Amino acid sequence: MENIKPEKITYVSDDLTRLLRDAGYLELCACIQCGTCTGSCPSGRRTASRTRSLMKKVQLGLKEEILSDKELWFCSTCYTCLERCPRGVPVTDVIISLRNLAVKEGYMQEPHIALCKMFYNTGHGVPINEEKWKKLREYHKLNELPPTTHQYPEAEKEIQTLLKSTEFDKLTGVGDYEKKKGEEES
Amino acid sequence: MVTKVKNLAELNGREPPKIGVYICWCGVNIGGVVDVPKLCDYARTLPYVVLASEYKFMCSDIGQGMIMEDIKDGKINRVVVASCSPRMHEETFRRACEEGGLNKFLFEQANIREHCTWVTMNDVPGATEIAKDHIRMAVAKVSELKPLEVTTVKVEPSTLVVGAGIAGINAALDLANSGYKVYLVDKSPTVGGHMAQLDKTFPTMDCSSCITTPKMSEIARNPNIELMTYSEVVSLDGYVGNFQVKIVKYPHYIDQDTCTGCGHCVDTCPVVCGNEFDLGMKPRKAIYLSFPQAVPGQYTIDMNHCIRCGICKEVCPTKSVRYNDKPEYVDIKVGTIILATGYDPYDARRMKQYGFGRIKNVINALQMERLLSSYGPTGGKVRRPSDQKEPKKLVWVQCVGSREFTGKGRKYCSRVCCMYATKQARSYKEKHPDAQIFIFYIDLRAFGKGYEEFYNDTAKNYGIKFIRGRVAELLEAENGNVIVRAEDTTLQRPLELEVDMVVLSVGLEPREDIDDIARIFNVTATKTEDGFLMEAHPKLRPVDTLTEGIFVAGNVVGPKDIPDTVAQAKAAASSASTLMARGEVEIVPYYSIVLSHKCAGCKSCISLCPFNAITFNEIENVAEINDILCKGCGTCVAGCPSKAIIQNHFGDAQILPMIETAIPKKPEKEEVEVE
Amino acid sequence: MASNDSKFALFLGCVIPNRYPFIERATRAVFEKFKIELVDMKGASCCPAPGVFRGFDIETWLVVGARNITIAEELGLDIALMCNGCYGSLLEVNHTLKEDKEKRRKVNEHLAKIGREFKGTIEIRHVVDIMYHDIGPEKIRNRTKYGRKTPLNLNLAVHYGCHLTKPAKLRPWDMECENPTFFDELVEISGCKSLNYKDKFMCCGAGGGVRGAFKELSLDYTREKLENMTAAKADVIITGCPFCHLQFDLGQVEVNNIFKDKISAPFNIPVLYFTQLIGLAIGMTPEEMGLIKSPELKGVPPFTPMKPVLTKIGDSA
Ligand SMILES: Cc1cc2nc3c(=O)[nH]c(=O)nc-3n(C[C@H](O)[C@H](O)[C@H](O)COP(=O)(O)OP(=O)(O)OC[C@H]3O[C@@H](n4cnc5c(N)ncnc54)[C@H](O)[C@@H]3O)c2cc1C
Ligand code: SF4
Ligand code: SF4
Ligand code: SF4
Ligand code: SF4
């Protein structure tokens with residue numbers, strides 16, 4: 001039975017192209033599948049991620065397949081493909097928009113959720129979360145805390161207000177939603 | 001020639017207008033969008049309209065017949081056809097009017113296709129309103145048109161052909177063999193153009209020089225052809241049938257009449273520089289002949305490199321060296337002109353990821369032609385630039401600078417590179433059966449006669465590997481090898497190959513100086529988006545320009561292979577000879593006229609005219625317009641402070657009624673409000 | 001441009017202040033020598049990171065980025081920043097909001113809740129750009145003349161970092177992103193040689209959230225780069241971005257660890273942020289440039305030992 005693996009495409013939709021077209025990615029519809037993007041991709045050289053195929057899947061609207069695939073997160077956003085595409089497809093930007101859609105559908109990598117928590121709680125994606133970092137700063141003749149949200153609690157509050165305002169907290173399950181999630185589970 | 005205002009009263013312009021409006025369905029193009037019968041009803045309500053008819057295709061015999069009959073029956077004395085663009089069919093309908101017995105300038109075309117149904121396809125009521133506007137304006141204009149008389153001018157039976165590539169050569173020979181005088185001008189010291197640089201030609205694989213050089217010498221021998229190499233056109237005056245051309249002949253510094261081409265001078269010249277013909281890959285002396293079979297076969301000194309040591313002067317047996325040669329200017333008069341200045345290969349340095357100019361063993365395809373050529377820099381033995389080693393693994397990169405929409409290259413497909421890459425790869429394999437060859441392509445375009453067969457044959461019998469995927473980048477390895485990165489899109493796998501040498505299949509671009517050419521020959525307005533010169537009509541007038549009497553042939557209009565180039569050259573020659581055989585041409589009488597009683601003699605108009613059509617009559621103290629030189633642009637009309645210039649056909653009398661009827665009058669109430 | 005070109009608002013981001021503070025230390029010291037004042041941006045946050053947060057929600061990324069920009073707008077100063085990621089974010093956010101009225105309106109609706117407004121009055125500059133275009137190679141070269149006594153003589157493997165040059169459209173390098181040379185030019189003023197090595201312009205692997213979620217994948221990029229740098233005999237890696245810096249510094253230790261079986265020998269190439277190198281070249285001490293590791297602190301950078309460099313340049317500086 002393992003030999004039988006139907007991969008035939010039976011449903012094609014314009015959803016994705018439409019979504020991306022609205023965001024200004026008309027060029028994507030003119031992709032000629034030349035492969036420059038895959039050929040340029042440092043990620044594709046070591047993984048199964050295929051930029052060109054991804055662009056084709058977008059054209060065909062294979063939404064579930066794209067958004068649920070963790071390969072969508074293999075791109076290191078080096079922009080090489082975007083610079084070289086002969087049709088001016090903003091490939092990397094398309095990938096970023098697809099990631100937005102994936103997050104909306106609830107597909108997120110665990111470590112990324114952790115990052116969002118730190119961002120919400122401290123205003124920094126990489127915060128000072130251990131004593132040694134303060135010491136290191138002092139060793140280099142700097143104040144133990146930088147003049148960022150770390151030094152200004154009111155600035156930290158501003159960030160939280162904004163993340164609530166854009167519903168980033170709800171989207172990524174941080175802040176109030178972190179607790180709620182926990183409650184639901186329990 | 002200065003025409004006085006003619007008495008045209010008898011030319012059926014006196015009677016009050018009786019306008020016939022004919023509305024064309026253009027199949028479904030117009031009829032499928034707007035309600036044509038309703039438009040007819042509407043047209044009948046317009047002033048002076050006596051009848052309105054419709055037909056599926058007004059341009060057909062039947063359609064034209066309708067117009068002719070109504071004229072002959074005396075029903076109408078002015079005609080409006082609402083159909084396509086006048087660029088398409090104005091001539092057709094004018095001829096119908098003429099054949100019906102009406103002065104053909106009493107016709108007006110309303111463009112309700114390009115300007116209406118094609119662009120407003122999805123809005124039927126809107127389109128109908130727009131169509132009404134167009135028809136109303138055309139009716140307003142036609143009521144005010146005056147009959148005009150066409151002028152005819154004599155056509156000199158001689159042609160200037162600019163550019164002596166394979167296009168220019170063929171056009172020149174056809175015309176010369178039909179008995180016309182031909183001046184053939186090329187800015188390089190030899191004729192032949194790019195074709196002379198090629199090794200073999202697809203799809204027949206015949207040797208390029210074997211088929212070019214006989215033509216080149218035929219040019220030199222033909223008594224009707226005056227060949228001017230190392231020359232350029234500096235200015236153009238006059239008009240169809242009577243062009244005055246100024247040509248500069250650059251000094252060769254060698255007397256071209258006495259030089260026998262013996263070549264003694266070359267051996268002794270101490271200065272070595274790169275030969276343009278071999279794209280810098282072979283050295284030449286400061287005194288040189290581009291290549292052995294060059295036509296003409298006389299030598300030239302490159303003064304940018306010559307150090308004036310005097311040695312060549314000493315050794316020349318015929319004493320032909322003239323260090324103090326000066327440029328020479330020649331004035332000629334011709335009836336027609338053919339532009340055949342060809343193309344430039346795309347400058348691959350702009351595609352940075354391919355490292356052309358940076359990575360030594362990355363060359364362009366024209367360089368490859370020279371390397372393959374038996375009279376090329378290496379005598380036909382292909383060697384890679386970094387260490388002169390014979391390459392064993394080669395890659396051709398397709399679409400370099402073509403099909404590129406980002407500004408780094410050109411949007412169009414260059415049409416020849418798929419085939420020339422296949423050809424070059426095959427040539428190489430013929431000589432080196434053990435070599436491994438890859439052609440990386442997006443689409444393999446083999447559209448011409450015998451091309452797909454050529455590709456099939458090459459793939460089958462020569463074992464060349466065609467890989468579908470545009471090359472992403474080229475990297476230089478330590479040993480001079482080139483690393484090629486791409487995706488094999490059919491296998492969906494990235495691919496990295498280390499090869500000895502890479503050939504970039506560069507596209508064909510407009511000449512670097514195309515803007516100068518366009519300006520000198522007054523075809524500026526006829527440049528297309530891609531940068532090449534534009535044909536008067538892409539389908540129906542492929543070798544004409546919008547400037548009458550000037551034709552185009554070959555790659556100056558767009559990239560093409562040799563068969564298409566030659567076909568176009570022959571078409572251009574035929575078009576030019578049609579004009580010359582008739583001996584005279586009609587000039588559209590849209591010229592402007594100075595009303596001498598109003599002209600204050602201020603001369604303002606003279607400097608305004610972009611076509612130098614206005615002169616000043618010192619005796620009568622008035623400006624005069626040459627009706628043949630005048631293109632009817634109207635600049636002087638607007639510029640004359642005494643309002644002494646009127647223009648035929650597009651004057652205030654015709655345009656103002658159109659504007660008035662186009663803009664609905666404001667209700668008076670509103671006007672009050674505004675105040 | 002908002003400000004006089006000898007004064008900038010210094011945007012720190014996250015990695016520099018919270019992990020690699022010596023980058024700030026060295027940069028401040030060098031800029032001071034060239035009489036460029038760097039003013040603190042009080043209460044700034046994460047830029048927010050283009051790879052991760054932009055990937056999660058573009059709107060949030062725009063809003064928080066805009067908030068950071070408003071801090072500099074209040075100061076009336078252009079932003080100088082030291083990180084390619086922050087560059088990517090703030091440059092794009094600033095441009096988008098200056099151009100797109102609708103997006104700007106939306107963003108300002110959010111910002112209104114914290115009493116801020118994006119006005120679009122300043123520019124975003126990378127310190128490499130400021131060094132290259134404002135201070136200029138000439139001025140730096142002049143300073144090196146009465147700087148060090150012994151030449152530095154190092155072979156440098158410059159790592160540009162993707163977002164310094166790409167997308168090329170908004171950046172100040174004449175659309176050159178395939179084979180740029182400005183960074184090499186800048187660091188060669190130090191008297192060192194900038195090497196050509198295979199895949200010089202390739203990504204370090206850290207960006208796009210890859211390091212966060214798929215560390216091994218991200219380190220495989222780094223491994224390849226380190227191999228190519230080693231093949232070219234690099235003495236030191238030069239970066240212009242703290243995240244690339246981290247990927248080569250900490251990442252090098254990690255690569256040596258997880259790819260033990262894949263690599264022929266452990267890598268040991270010290271990593272310098274470019275201002276550290278310039279500082280040395282104009283006569284500042286390794287200490288001032290933050291090259292000397294604290295003897296007490298454990299688990300802090302530099303993770304890849306500096307010793308080979310310090311030995312090579314000698315102490316006579
Ligand atoms: C690498 C390569 C291989 C090719 N192989 C083939 C092949 O195998 N088969 C095939 O069918 N086609 C091939 N082609 C295409 C072929 O080269 C062209 O179709 C053909 O040469 C075009 O001829 P032309 O006369 O239009 O232009 P050109 O050959 O460019 O000739 C133009 C002439 O005009 C002159 N000129 C330019 N500007 C001026 C000026 N201002 N004043 C006066 N003179 C001027 C030039 O000196 C030149 O002599 C190849 C093209 C390339 C690049
Ligand atoms: S490079 Fe551009 S055109 Fe080519 S396959 Fe990728 S997205 Fe499509
Ligand atoms: S931007 Fe992403 S998809 Fe494009 S080449 Fe870089 S890693 Fe690959
Ligand atoms: S002919 Fe072939 S190589 Fe040339 S532009 Fe067209 S598709 Fe590309
Ligand atoms: S209408 Fe134009 S071309 Fe004719 S004379 Fe006046 S300015 Fe010259």
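Model, not experiment: these values are computed from the prediction. Excluded from the calculations below are hydrogen atoms, water molecules and symmetry mates; all remaining heavy atoms, backbone and side chain alike, are included. Residue numbers begin at 1 in each chain, while the letters A, B, ... track the order of the sequences.
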Winner by heavy-atom pair count (cut-off under 4.5 Å) against chain B, out of A:Gly35, A:Cys41, A:Pro86: A:Pro86
Got more than 12 heavy atoms from elsewhere within 6.0 Å of CD, A:Glu154? yes
Tell me, side chain or backbone of A:Cys85 under 4.5 Å from chain B's heavy atoms, or both, or neither? backbone
What are the two closest heavy atoms between A:Thr36 and B:Arg470, and how far apart are they? OG1-NH1, 2.8 Å
Count the heavy atoms belonging to other residues, nucleotides or ligands that lie under 6.0 Å from CZ of B:Arg349, then report whether that count exceeds 12. no
How far apart are the closest heavy atoms of A:Gly39 and B:Ala472, and which atoms are they? C-CB, 3.3 Å
Roughly how far, to the nearest 0.5 Å, is SG of A:Cys34 from CD of B:Glu487? 9.0 Å
For the OG1 atom of B:Thr489 and the NZ atom of A:Lys56, what is their distance to the nearest 0.5 Å? 11.0 Å
Does A:Arg52 reach the side chain of B:Gln492, with side-chain heavy atoms less than 4.5 Å apart? yes
Using a cut-off of 6.0 Å, state whether more than 12 heavy atoms not belonging to A:Lys57 lie near its atom NZ. yes
Would B:Glu473 and A:Arg84 pass as an ion pair if we require N to O under 4.0 Å? yes
Report yes if the side chains of B:Gln353 and A:Glu83 come closer than 4.5 Å at any heavy-atom pair, otherwise no. no
Return yes when atom CZ of B:Arg350 has more than 12 non-hydrogen atoms of other residues, nucleotides or ligands closer than 6.0 Å, and no otherwise. yes
One should read off an interatomic distance between B:Thr406 OG1 and A:Arg87 CZ, to the nearest 0.5 angstrom, of 10.0 Å
Starting at CG of B:Leu495, measure out to OG1 of A:Thr38 and round the result to the nearest 0.5 Å. 12.0 Å
Check whether A:Arg50 gets within reach of chain B through its side chain, its backbone, both or neither, counting any heavy atom under 4.5 Å. side chain
Need one label for B:Lys352: side chain, backbone, both or neither, based on atoms under 4.5 Å from any heavy atom in chain A. neither
